[in-house]
Amino acid sequence: MDIDDLRKIIHVAKTQNLQHSAKALFTSAGALSKIVKKTEKSLNTQLFDRIGRNIKLNEQGRIFVLHAANLVHDSDQLLSHFAAKQTRHSMQISGPSIIQDYWLERILPRAVCEQFYIHVDNCYEGEALTKVKHGLAQLGFVTGEALHNVENSEVQRIHLARVHFALAISDQHADYAELVSDLTLEQFARLAFACPKNSAFCGLQRGVGSDGWRDDQWPRNIQFRFNDLHPLLAMVKRGVAAAYLPEYVIQHEGLNALESGQFPQEMTRPIEDIYLIWKPTLAPGWLNALLEKITANLAASQ
């Protein structure tokens, strides 16, 4: 019997609920049910009593779990003694650089990274979603927009953050002192902006500036357009232009958010939900263990 299967059965025995165990183990209830039935068939013994849609560990199941727990423990001890520090798994993480540049380190701190060979694949979120679905990437970063019509059976997700946007400026800007306290409509009309040619998340053109600002209501003086986020940020940091950016980018880059009280709240502060995704049916045991660690680290940081 597979050690990972034993781990899953032990977890089901604790919760006695396939749905709850599936959520904790980042898999599906159907997949867990198949593992339980396969094990029962190999033993020619029923481990759980079925009561309607519920399951309950029976006496034979309690004996099995006792032995299974010992096997799992011995396996963990063996791996820890001989190979745990030497074993490194290859992992590809796909997603837009505007997310990866700022969230990769948060979910994979240095101590965790040392356990893997990590290939960081910068691509738009639609491509990242496709790669995860087809097993070409183990993890992906996307926004809620990309997951709008995606079922949990296709990919599962961890919500990383709900991100607001703001008008950003550097303290190197010639008018910084005047602008940073409260941006007026007259100042806004004169302000030079740097914008992406296409959305940094999906690669599609979204409005005039493609950064989410409602240029149809409040047109900007767009002087610079970029195909890449990094030269755009360099231009803003040098004080040549302002930009409309996610707040986590503004904070990370040491920029300043302009107060824009004269603009409607719904226009100046749109929201993007950011998710980490994976394909549960293709996830090996080491990836499930990593996802448990990521979930625990995120919960501890909130």
Side-chain angles (χ1 to χ4, degrees), residues 91-109 113 118-132 136-148 150 155 157-170 193-215 220 222-238 240-258 260 267-278 294 298 301:
M91 174 172 58
Q92 176 162 314
I93 306 177
S94 298
S97 61
I98 193 172
I99 302 178
Q100 299 230 64
D101 289 354
Y102 304 97
W103 289 95
L104 189 58
E105 186 178 355
R106 182 177 177 186
I107 69 161
L108 293 177
C113 285
I118 301 174
H119 176 208
V120 179
D121 171 38
N122 283 326
C123 61
Y124 291 121
E125 58 185 353
E127 185 178 349
L129 178 60
T130 299
K131 288 180 176 179
V132 171
L136 301 176
Q138 283 72 42
L139 296 174
F141 287 107
V142 300
T143 67
E145 185 70 22
L147 295 173
H148 186 64
V150 179
V155 297
R157 65 204 74 181
I158 296 174
H159 184 255
L160 298 178
R162 173 159 286 187
V163 177
H164 294 278
F165 284 60
L167 294 170
I169 194 172
S170 167
F193 275 90
C195 295
K197 184 177 180 181
N198 299 304
S199 167
F201 294 106
C202 68
L204 301 177
Q205 188 166 342
R206 289 178 169 177
V208 175
S210 292
D211 53 8
W213 180 266
R214 293 297 304 274
D215 284 283
R220 291 171 292 176
I222 300 175
Q223 290 192 1
F224 307 95
R225 290 189 184 275
F226 294 88
N227 288 329
D228 186 86
L229 180 67
H230 296 99
L232 183 153
L233 288 172
M235 183 72 73
V236 176
K237 290 169 78 171
R238 289 201 301 269
V240 179
Y244 189 53
L245 299 166
E247 287 185 337
Y248 68 82
V249 176
I250 295 172
Q251 293 170 5
H252 189 276
E253 297 293 335
L255 298 171
N256 303 278
L258 293 175
S260 48
M267 184 179 74
T268 59
R269 293 180 66 84
I271 293 171
E272 289 278 10
D273 285 298
I274 296 177
Y275 294 89
L276 180 69
I277 62 169
W278 70 98
I294 290 172
L298 288 171
S301 66

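Given the structure is predicted, the values throughout are model-derived calculations rather than measurements. We number each residue from 1, following the sequence as shown. Any value given below was found using the heavy atoms of this structure, including those in side chains, with hydrogens, waters and symmetry copies removed.
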Between Val155 and Trp278, is a side-chain contact (heavy atoms from CB on, under 4.5 Å) present by the stated rule, with each step listed? CA-CA 5 Å; Val155 297; Trp278 70 98; over 6 Å; no
Apply side-chain contact (heavy atoms from CB on, under 4.5 Å) to the pair Leu136 and Thr130, showing each step before the final yes or no. CA-CA 8 Å; Leu136 301 176; Thr130 299; over 6 Å; no
Hey, can you tell me if Phe165 and Tyr244 have their rings parallel, tilted or perpendicular (30° and 60° cut-offs)? tilted
Counterpart residues, side-chain hydrogen bond (donor to acceptor under 3.5 Å, both in side chains), relative to His119 (two or more places apart): Gln92
How long is the span from the CG atom in Leu139 to the CD1 atom in Ile107, to the nearest 0.5 Å? 6.0 Å
Does the side chain of Phe193 come within less than 4.5 Å of Leu167's, by heavy atoms? yes
When you compare the side chain of Ile222 with that of Asp215, does any pair of heavy atoms fall below 4.5 Å? yes
Pairs touching residues 118-129 that satisfy salt bridge (charged side-chain N to carboxylate O under 4.0 Å, His left out), sequence neighbours left out: Asp121-Lys131, Glu127-Lys131
Within the structure provided, determine whether Val249 and Leu255 are in side-chain contact (heavy-atom separation under 4.5 Å). no
For the CD1 atom of Ile277 and the CZ atom of Arg157, what is their distance to the nearest 0.5 Å? 8.0 Å
I'd like to check Leu233 versus Leu245 (side-chain heavy atoms, cut-off strictly below 4.5 Å). Are they in contact? yes
Is Leu108 close to Ile294 at the side-chain level, that is, under 4.5 Å between some pair of heavy atoms? yes
Could you tell me whether the side chain of His159 and the main chain of Ala161 form a donor-acceptor pair under 3.5 Å? yes
Under the criterion side-chain contact (heavy atoms from CB on, under 4.5 Å), I'd like the reasoning laid out for Thr143 against Val163: C-alpha separation, chi angles, the key distance, then a yes or no. CA-CA 10 Å; Thr143 67; Val163 177; over 6 Å; no
Does any non-hydrogen side-chain atom of Arg106 lie less than 4.5 Å from one of Leu160? no
Taking only Lys NZ, Arg NE, NH1 and NH2, and the carboxylate oxygens of Asp or Glu, determine whether Arg220 and Asp211 approach each other closer than 4.0 Å. yes
Applying side chain to side chain contact (heavy atoms under 4.5 Å, CB included) to His252 and not counting sequence neighbours gives Tyr102
Is the side chain of Ser170 donor-acceptor paired with the backbone N or O of Arg238 at a distance under 3.5 Å, no angle test? no
Considering residues, nucleotides and ligands other than Gln223, do more than 12 of their heavy atoms fall under 6.0 Å from its CD? yes
Once you round to the nearest 0.5 Å, how far does CG of Leu229 lie from CD1 of Ile98? 5.0 Å
In short, Ala200 meets Pro96 closest at the heavy-atom pair O-CB, 3.4 Å
Less than 4.5 Å apart, side chain to side chain, heavy atoms only: is that true for Phe224 and Leu232? no
Side-chain heavy-atom pair Ile93, Gln138 within 4.5 angstrom cut-off: no
Rounded to the nearest 0.5 Å, the CD atom of Glu272 sits from the CZ atom of Arg162 at a distance of 10.5 Å
Please report the interatomic distance OH(Tyr275) to CD1(Ile99), rounded to the nearest 0.5 Å. 11.5 Å
